[in-house]
Amino acid sequence: MQQPWIHKPKTDSLFILSPSFLVVAVVFLFQNQLRQIEDKYSFYTWLFLIVFIDVAHVYATLFKTYFVSNEFQKRKKLLIGLPILCFLIGMILFSFGSGVFWSVLAYVAVFHFIRQQYGFMRLYARNESKKWAWIDNLVIYTATIYPMLYWFLSAPRKFNWFVENEFLHFENPILITILSWVYGFILLFYVMRTSYIAKKNNYFNIPKNAIILGTILSWFFGIVYFNNDLIFTLLNVVSHGIPYIALVYLKEIDEKPTAELNGLYYFKHFKGLLLFLAILIFIAFSEEYLWEILVWNEQFSGITKDFSNWYFLVVPLLTVPQFTHYLLDGFIWKSNK
């Protein structure tokens, strides 16, 4: 039985499966250096992690939706209506205060991040019997939900998803202990069952189990084990953003015949890949530049003005791409297979 790669073994392994493992290795090997980087080079960590990966991956969705003529025509109402709806919801939420706005967006973001890991896992399990799919589902949700519950139930952490106090907190060490035992039991059960099935069938699903293990490592060490903002950002952003960008490029551009791509055929091959990444980075930097001069005023001092009276309009408008990406992903990757 062949391995269920999405694209090819090398590309899947390098761009989809390995980021979680590589970042975990970097974190353990260079903990002290990372702390120094966090203290001294906040601009560059912001530029490479937030702009070049996190924000850029949001705009990769364009190459599966708005930039694909037949896809746009097929989902025209959704692709036009959803950004408008996100903007209106954002304005309503912001009318209750910025705290409510960012809190709701943070919960939506967490749900999106969890569902991406579930989505990759299901893609790699697509050839397996659905009878025992609930076990895979259980372990992938355990790997992601337990760290978030630990975050909610423990003392305030030294990192945020977006802003401080965005999540409801209820410190409860006893409940954390109970959940930790449940977490450990489920993971142990999965390891034992996977080992048994692999020996029985003489087959081990490498990419599916790599996604599950990578998710366990990145979420546990990023949120539970370490209490460090840069480490959280590294494990959160790299493990999420790079695989998504790779998935879009490999499935929507590289794998498709030139005749089906229309104008997107320019993005094929190595030069096309560089152009693809350059466009994502340019759009991402443009958005973040607007955030900086209109709202945050953190990275570019001396060129900002006070737009606080317009935040009720500016903040919901600037979050439309991000908000739309979170919701749109629930539609564009679904398949009957």
Side-chain angles (χ1 to χ4, degrees), residues 42-43 45-62 65-66 78-116 148 151-152 156-169 229-230 232-233 236-237 240-241 244 279-331:
S42 60
F43 172 78
T45 55
W46 166 82
L47 184 66
F48 287 100
L49 293 179
I50 304 303
V51 180
F52 290 176
I53 298 179
D54 191 31
V55 181
H57 101 275
V58 169
Y59 288 101
T61 310
L62 294 171
T65 52
Y66 296 93
L78 176 68
L79 296 177
I80 293 175
L82 191 58
I84 297 173
L85 179 64
C86 288
F87 176 62
L88 295 175
I89 292 174
M91 288 189 66
I92 293 171
L93 292 173
F94 204 85
S95 68
F96 292 99
S98 62
V100 172
F101 174 86
W102 287 113
S103 181
V104 172
L105 199 65
Y107 283 110
V108 175
V110 170
F111 177 76
H112 162 74
F113 272 59
I114 291 173
R115 288 290 291 178
Q116 176 169 307
M148 293 308 304
W151 188 348
F152 301 157
R157 313 297 281 165
K158 295 180 181 178
F159 47 81
N160 312 302
W161 204 284
F162 293 127
V163 296
E164 291 184 6
N165 302 318
E166 61 206 340
F167 297 125
L168 294 175
H169 279 90
D229 186 40
L230 179 56
F232 167 73
T233 304
N236 181 285
V237 168
H240 179 83
Y244 187 88
I279 290 175
L280 295 186
I281 290 172
F282 173 76
I283 300 174
F285 185 83
S286 300
E287 183 200 302
E288 280 302 301
Y289 185 76
L290 290 175
W291 274 106
E292 285 299 316
I293 63 174
L294 297 177
V295 181
W296 301 130
N297 302 329
E298 293 175 346
Q299 306 296 339
F300 303 107
S301 59
I303 60 172
T304 58
K305 295 182 180 180
D306 184 9
F307 290 92
S308 57
N309 292 333
W310 293 94
Y311 281 179
F312 74 96
L313 184 64
V314 171
V315 173
L317 185 61
L318 288 176
T319 54
V320 165
Q322 189 174 0
F323 201 174
T324 303
H325 167 72
Y326 293 158
L327 300 182
L328 197 57
D329 253 23
F331 297 93

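The analysis underlying the following values was restricted to heavy atoms, covering all of them including side chains, and did not include hydrogens, waters or symmetry mates. Residue numbers run from 1 in the order of the sequence given.
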Exercise for the section: Take Tyr59 and Phe282 through the test side chain to side chain contact (heavy atoms under 4.5 Å, CB included) and record every step on the way to the result. Expected result: CA-CA 10 Å; Tyr59 288 101; Phe282 173 76; over 6 Å; no
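- Between the CD atom of Glu288 and the CD1 atom of Ile293 there is a distance of 11.5 Å, given to the nearest 0.5 Å.
- Closest of all the heavy-atom pairs between Ala56 and Ala284 is N-CB, 3.6 Å.
- Summarising the geometry, atom OG1 belonging to Thr233 is positioned 9.5 Å from atom CG belonging to Asn160; distances are rounded to the nearest 0.5 Å.
- Checked against side-chain hydrogen bond (donor to acceptor under 3.5 Å, both in side chains), Asp329 has the following partners two or more places apart in sequence or in another chain: Tyr244, Trp333.
- Atom CG of Asp54 is separated from atom CG of Asn236 by 7.0 Å, given to the nearest 0.5 angstrom.
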Practice task
Apply the test side chain to side chain contact (heavy atoms under 4.5 Å, CB included) to residues Val51 and Tyr289: give CA-CA distance (whole Å), side-chain angles for both, the deciding distance (0.1 Å), then the verdict.
Solution key: CA-CA 10 Å; Val51 180; Tyr289 185 76; over 6 Å; no
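- We find the CD1-CG distance between Ile283 and Leu62 to be 5.5 Å, quoted to the nearest 0.5 Å.
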Distance-only criterion, 3.5 Å: show the donor-acceptor pairs between side-chain atoms of residues 101-115 and protein atoms not counting sequence neighbours.
from   : atom 1 : to     : atom 2 : distance (Å)
Ser103 : OG     : Glu166 : O      : 2.6
Tyr107 : OH     : Leu168 : N      : 3.0
His112 : NE2    : His240 : NE2    : 3.2
His112 : NE2    : His325 : NE2    : 3.2
Arg115 : NH1    : Tyr141 : OH     : 2.6

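- Heavy-atom minimum distance, Ile53 versus Gly241: CG2-CA, 4.0 Å.
- Separating the OG1 atom in Thr45 from the CG atom in Asp229 is a distance of 8.5 Å, to the nearest 0.5 Å.
- Across every non-hydrogen atom of Thr324 and Pro83, the tightest pair is OG1-CA, 3.5 Å.
- Once rounded to the nearest 0.5 Å, the distance linking OH of Tyr326 with OG1 of Thr61 reads 11.0 Å.
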Exercise for the section: Evaluate side chain to side chain contact (heavy atoms under 4.5 Å, CB included) for Phe232 paired with Lys158, printing each intermediate quantity in order. Expected result: CA-CA 9 Å; Phe232 167 73; Lys158 295 180 181 178; over 6 Å; no
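- Counting only heavy atoms from C-beta outward, the side chains of Leu328 and Leu79 approach each other to under 4.5 Å.
- When side chains are defined from C-beta on, Cys86 counts as touching Leu327, because their heavy atoms get closer than 4.5 Å.
- Checking each of Phe94, Trp291, Phe162, Phe87 against Thr319 for a side chain to side chain contact (heavy atoms under 4.5 Å, CB included) leaves exactly one that passes, namely Trp291.
- Classified by interplanar angle (parallel below 30°, tilted 30° to 60°, perpendicular above 60°), the ring pair Phe52/Phe48 is perpendicular.
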